[in-house]
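Encoded as structure tokens, the structure appears first; notes follow it.
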Amino acid sequence: MPVQKVNDSSDLDAKVPSHLQRTSITSLTMTSEPSHRCVKARVVHIGPVISCAQKDGIEMLRAEIKEEDPLQRTAEHTSINVIFFGTLAKDFSQSARQGDVVLLADFTIKKSPSFLRDKLHPCQLEMDGKDDCVYVCPSAEPSHGPSSSEAKYTYVPLNNLKPKTVVNVYGVVTFFKQPFPSKGSDYCSTLKITDQSDVKVGCNIFSKKLEDHPVIFRVGDIIRLHRFKTEMFRDSMSLLNTYGWSTVTFDGTIDSPVVPHTSSKSFHFGESDIRTVQELRQWAANQSWISNDLTVSLSSVKPGMYFDLTCQLLAKAIMDSRCILLKVWDGTKCQHPLLNVAVASDALEGESTVAKDRMNLTANVLVYDNHLEVARDLKPGTFLCFYNLHALLQRAPDQLPDQLEHLSFHLHGGTSYGRGLRSLPAESPALQSLKSVLEKHVDLDEYDEVNDGTLLEIWYTPPEAVDAEADTGPSYTVQTCEHNMRRLTLARVKRSTPPLLCHVQARVKKYNPQQLYQCLKLFCSNCKTMEDVPDDSAVAKVFRESAKDSQPCDEQWAATSSASSREPGRAISMHISRDMVGESTHMQLIFVEGTTLDEICVLSRDYKNLVPVRSVNGRMTLMDLTAPFLFSGDKRYYGCKQCSLNTFQNPVFAGVETWDEQAVAEALGVRLMQYRLLMQFELEDQTDTLEALLWENAERFFHVSAVDASGSQDLQDKIQTIMDTIQPPDSSLEERPWLDLCVSVYTVKDNDRNKVCYQITNTEIKEE
DNA sequence: TTAGGGTTAG
């Protein structure tokens, strides 16, 4: 059935087939039985006819209709989207205009896919034209003469106002302040209006009730004032509300429906009002001041600017008694990096903004002082307008000096320049362009909770909430931390501001050192010196030079026994502290002189602790600390050249029950160097690469103690096997397994500059 | 009665 037109709204009611029952848009739900219901509403928006690729190219049209039943005026969801398909889409496009009243029946009720964005209605109506019923009644044209009821009010042009009279006027708003508390008992609205006479008149409205104040969204809106008194102030006429007053406002957009906004219980509104509004719109559109619009999108905000922003609230958080944070977006990407104000997730009301933060789409607005009253009541998802918002460059906490400053937004206290904010109804014409921009970001909403390789950029669901293994195969590592961090992409990690702990999933592209014995390091926890473990040739050379022309040293504190070596002129001596003779420990610590490296290695199989020494002028002296100061079974221990004290001259060995490397080092005045493992991984995911150290967490990562690995080929082989698993030799990147890693982002001083470093922490290889 | 436009300083 094609779209049918009727001339009168009452005809529309007559067209309702007897078996159908009028239902209100507000009461429609997914479970409503639609077959015997019809709705009657005014068309507030008609979209173009488009071809729908997902439905075999069928033509479709979206219209937004709004219920006008006065009983429903304050109810939620009085507007709903209607999707017309096929020929009905074309018919409707040709037959209906904004402002027309329509009667629809035999529609299908579907879940609205755009409800999260447009907040219109959880459902939408779909009509495919087969048996559907669409009647259109064109909006009233001001073609007939005014009816008697319309003669009730006369409106005085603004250039004809006389002092001390009570008048009704129409005007276009050229300046306004949202209602603010006066020093008296009322809220005050201050505005300035003009009309075709081009005279500007100031106007103040006092009322205790906020809801009685005129609803003004932007310069160019039309306002009708009833029963305002005139008075002179500073040589100009001004208007003040007086007993019995009322205001009605209209959007100023040419061709948008003439929809009155007022809190008056009953108000007169007729065809002459529509005509007056349309004439004022037409006139104002050609005035220079109307184009002086301060509304700016985030994409064109410049630092330092004061501007008006129309946007949607994503999340809010109370910062303190004088400040509320509103996280908003308008769908456009700011050219400057936007400041992200960190708030504990439990303090934040509303959706996560992480995906939008990452796209530089989220503006953090700090709202102060007198504006808190309005901000406090805003719900996430609400559309709103900030007036006289201030864009300010600000350095993020811990931000490096050479990084770009971030743009923050402040709605300062006070009402200068109309500073304030106001929520906008979802159907406001001022929101049409915003909504269509937000529409383009539909993916962002839907992808927020999805884990998919292509979506890693915006992936942040807590790991335990997602079956990550389904997509990437088993991870060869496991995070051991208790915290429930969001997983970030490497690109996101690189953009983060330290300090930060985060989870990533990545593959190993490269690692260093490739010769794994080189990952074993000697580290002095005192002076933080780190060096490679000396190789055998360097150590053997120290032994050779120490043994050259050596005469056994003769110390009072030591008992000595000597033997000739196979080399002429070289004696091998072993010394034991006299302090220890007679104690059970006397064989635990033996000083060896005159051996080669090989010889002391052989001896160390039979003795627990061997300290190689040399003779200098007959006095026993430690060898150059390039060599180990202690051989203990398979292990060799080194001393720090910077931090070791020379206290060997008169050593005291009594009173130690068990000699371990630490006790020996202390007795010798040596600062023991620790064995550590150090590797550098080049990690890679779909977004970026990142060089991360494996250092403090390395022993836990490999399940290998560094000192044990220093004396065990088996343990060194174990590390090699692990590395061959996570980065198989000659493998392509795709063949390498994914690793779940916890990464610490931190800064270190490097030549007086802060350098950002990444370190793998809280992560272990999974053991079979 | 109040305000009568003309920037916070976070």
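Below, chain A is the first sequence line, B the second, and so on; all start at residue 1.
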statement: Taken to the nearest whole Å, CZ/A:F228 to P/B:dA3 is 17 Å
- prompt: For A:L191 and B:dA3, what is the distance between atoms CG and P respectively, to the nearest whole Å?
  reply: 16 Å
Qualifying residue, where the test is ring-ring contact (aromatic ring centres under 6.0 Å, His included) with A:H226 and the options are A:Y153, A:Y243, A:W245: A:Y153
Return a table of donor-acceptor pairs under 3.5 angstrom between the side chains of residues 157-165 of chain A and protein atoms on other chains or two or more places apart.
from   : atom 1 : to     : atom 2 : distance (Å)
A:K162 : NZ     : A:N160 : O      : 3.2
A:T165 : OG1    : A:K162 : O      : 2.7
A:T165 : OG1    : A:T230 : OG1    : 3.1

message: I need a per-nucleotide contact map over nucleotides 4-10 of chain B, read 5' to 3'. Cutoff is protein heavy atoms under 4.0 Å; write B for the base, S for backbone only, - otherwise.
response: BBSBB-B
query: Which way is the base of B:dG6 turned, syn or anti, if we draw the line at 90° from 0?
result: syn
query: For A:D186 and A:S182, does a side-chain donor sit closer than 3.5 Å to a side-chain acceptor?
result: no
task: May I ask you to say what A:C188 touches in the nucleic acid, namely base, sugar-phosphate or nothing, with a heavy-atom cut-off under 4.0 Å?
output: sugar-phosphate
message: What I want to find out is whether A:R218 reaches A:D251 closely enough, with some N-O distance under 4.0 Å, to be called a salt bridge.
response: yes
query: What integer distance in Å separates A:N370:CG from B:dT2:P?
result: 20 Å
message: Check this for me: does any side-chain nitrogen of one of A:R224 and A:D273 sit under 4.0 Å from a carboxylate oxygen of the other?
response: yes
Within residues 318-347 of chain A or reaching into it, pairs that qualify as salt bridge (charged side-chain N to carboxylate O under 4.0 Å, His left out) - sequence neighbours excluded: A:R322-A:D369
message: Measuring only the P atom in each nucleotide, how far is B:dG4 from B:dT8? A whole number of Å is fine.
response: 14 Å
